[in-house]
Amino acid sequence: MHDKNGCLLSSNTGEDHRTNIKEQVAWSEGRPFGSSVSISSPSRLFVSLSLSLTLISVPFFLSFFSRTINTRREREREVQTPNLVLGFGYGIGVSMEEGKPSIERIKASNGLEKVILREIRGVSIEVYLYGGQVISWKNLSEELLFVSSKAAFKPPKPIRGGIQICFPQVGIHGVSEQQGFARTHLWKIEDNPPAFPTKTATKSFVDLILKPSEEELKNWPHSCEVRLRVALSPGGDLILTSRVRNTSTDGKLLSFSFAYLTYFCVSDISEVRVEGLETLDYLDFLKGRDNRFTEQGDAIVFESEVDKVYLGAPPKIAIIDHEKKRTFVLAKDGLPDIVVWNPWDKKAKAIGDLGDEDYKHMLCVGAAAVEKPITLKPGEEWTGRQEMSAVPSSYCSGQLDPAKVLQMSIENPSVSG
Ligand SMILES: O=P(O)(O)OC[C@H]1O[C@H](O)[C@H](O)[C@@H](O)[C@@H]1O
């Protein structure tokens with residue numbers, strides 16, 4: 001179900017909900033509300049017969065429905081696979097009450113497996129094992145990520161929305177498929193990942209791992225392990241940490257590009273401003289891969305199609321939604337660039353899994369390494385991080401001037417995430 005901005009209200013992506021709504025409508029349409037009926041004698045006999053039948057059948061139906069409901073609940077319980085999960089110590093089936101922290105692994109109605117992390121105050125995230133893709137991020141039960149109303153949840157297609165992991169390639173330039181294969185492959189939950197260099201304070205998380213399949217290695221012959229930790233802070237911040245290790249045994253270098261293509265949900269793209277990218281150099285994919293331009297001094301606004309990569313971006317930028325009075329703060333580490341994409345009206349119509357008007361309610365922005373691919377020697381590991389929070393827009397305009405942010409992060413390294 002989507003709100004008026006096209007953002008998912010429920011991230012069950014689902015058929016279940018739609019079926020329920022249809023059932024409710026059919027039920028209320030079938031009821032003779034307000035009808036006045038005059039009853040003749042034969043009709044009275046008919047009515048009393050019907051009443052008796054109804055009285056006899058009610059207990060039967062009640063027991064039938066209660067059995068159906070119980071069977072359904074049992075089926076739902078079956079798909080909550082045990083032996084998750086890591087951070088937190090909350091295993092499956094523990095504390096599923098509304099508002100209490102929990103972690104569960106379930107099969108969605110579309111047949112794909114997902115992990116749901118919940119914190120207090122309606123804060124939650126949902127991650128699909130397919131693509132290692134975060135598909136929902138809610139704060140106070142409000143959806144913050146955009147998912148297309150036409151998104152296909154059918155492998156091998158990527159899911160249009162949420163946060164796509166683009167690896168080992170970003171965009172169309174490279175030897176792998178467009179945006180790489182990570183978003184169209186099944187990741188696995190990793191119970192005991194190698195220790196992180198710095199300990200994370202956040203306790204609610206899930207660790208995923210992707211190893212290229214035999215099939216993939218034919219197109220892209222590089223041995224590696226790609227890890228992703230998706231973490232949720234009690235305050236609702238979403239933290240993505242990726243690690244890529246070159247596991248080559250024949251001395252081969254591993255070179256790759258990377259992006260967290262994040263579909264932010266916005267009220268109206270014309271009312272959105274991005275701060276922190278002004279004055280930076282950028283590549284404009286609409287004008288050819290290698291053309292370099294310099295952004296003017298003002299914050300970025302949107303009036304037409306945009307497909308850019310800002311180079312050497314500061315550790316924090318802000319996406320300000322004026323209509324919503326909400327600001328997304330995006331902090332990054334290990335990823336020098338920022339991708340910005342909105343297809344606008346014409347391109348949106350040409351994209352099969354995007355609604356014609358969807359472009360108004362989404363903006364893709366994400367930390368990336370595009371201009372200079374990351375190169376690892378055998379045994380080496382790279383770590384990249386993107387941390388996002390949604391705050392009220394009392395955020396000071398101009399606070400994210402790149403020079404000031406850089407200065408702030410030197411004086412206080414914790415602000416750079
Ligand atoms: O349609 P997709 O493969 O998901 O790509 C969607 C968009 O993602 C990126 O931002 C690229 O720079 C764009 O060129 C591309 O159109």
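Numbering of ligands and ligand atoms starts at 1, following listing order. Because the structure is predicted, anything quoted here is derived from the model rather than measured.
- Atoms of ligand 1 found under 4.0 Å from any heavy atom of Gln178, numbered from 1 in the order shown, are 1 (O), 2 (P), 3 (O), 5 (O).
- Closest to atom 10 (O) of ligand 1 among all protein heavy atoms lies Trp341 CB, 3.3 Å.
- Under the 3.5 Å distance criterion, with hydrogens and angles disregarded, a donor-acceptor pair is assigned to the side chains of Ser267 and Asp321.
- Phe264 has its ring centre no less than 6.0 Å from the ring centre of Phe146.
- The Phe285 neighbourhood of ligand 1 comprises atoms 12 (O), with distances under 4.0 Å to a heavy atom of that residue.
- Side-chain atoms of Asn110 and Tyr130 form no donor-acceptor pair, as typed in the model, at a separation below 3.5 Å.
- For atom 12 (O) of ligand 1, the candidate residues are Asp307, Asp353, Val340; the nearest heavy-atom contact is made by Asp307.
- Nearest to atom 8 (O) of ligand 1 among the protein's heavy atoms is Gln179 NE2, 2.7 Å.
- For the pair Lys347 and ligand 1, no heavy-atom separation below 4.0 Å is found.
- Heavy atoms of Leu261 approach ligand 1 to within less than 4.0 angstrom.
- Note on ligand 1: Arg183 sits in its first shell, one or more heavy atoms being nearer than 4.0 Å.
- The distance from the OG atom of Ser242 to the CD atom of Gln386 is 9.0 Å, given to the nearest 0.5 Å.
- Side-chain polar atoms of Glu177 and Thr184 form a donor-acceptor pair below 3.5 angstrom.
- The aromatic rings of Trp341 and Tyr263 stand perpendicular to each other, their planes meeting at an angle above 60°, with 30° marking the opposite boundary.
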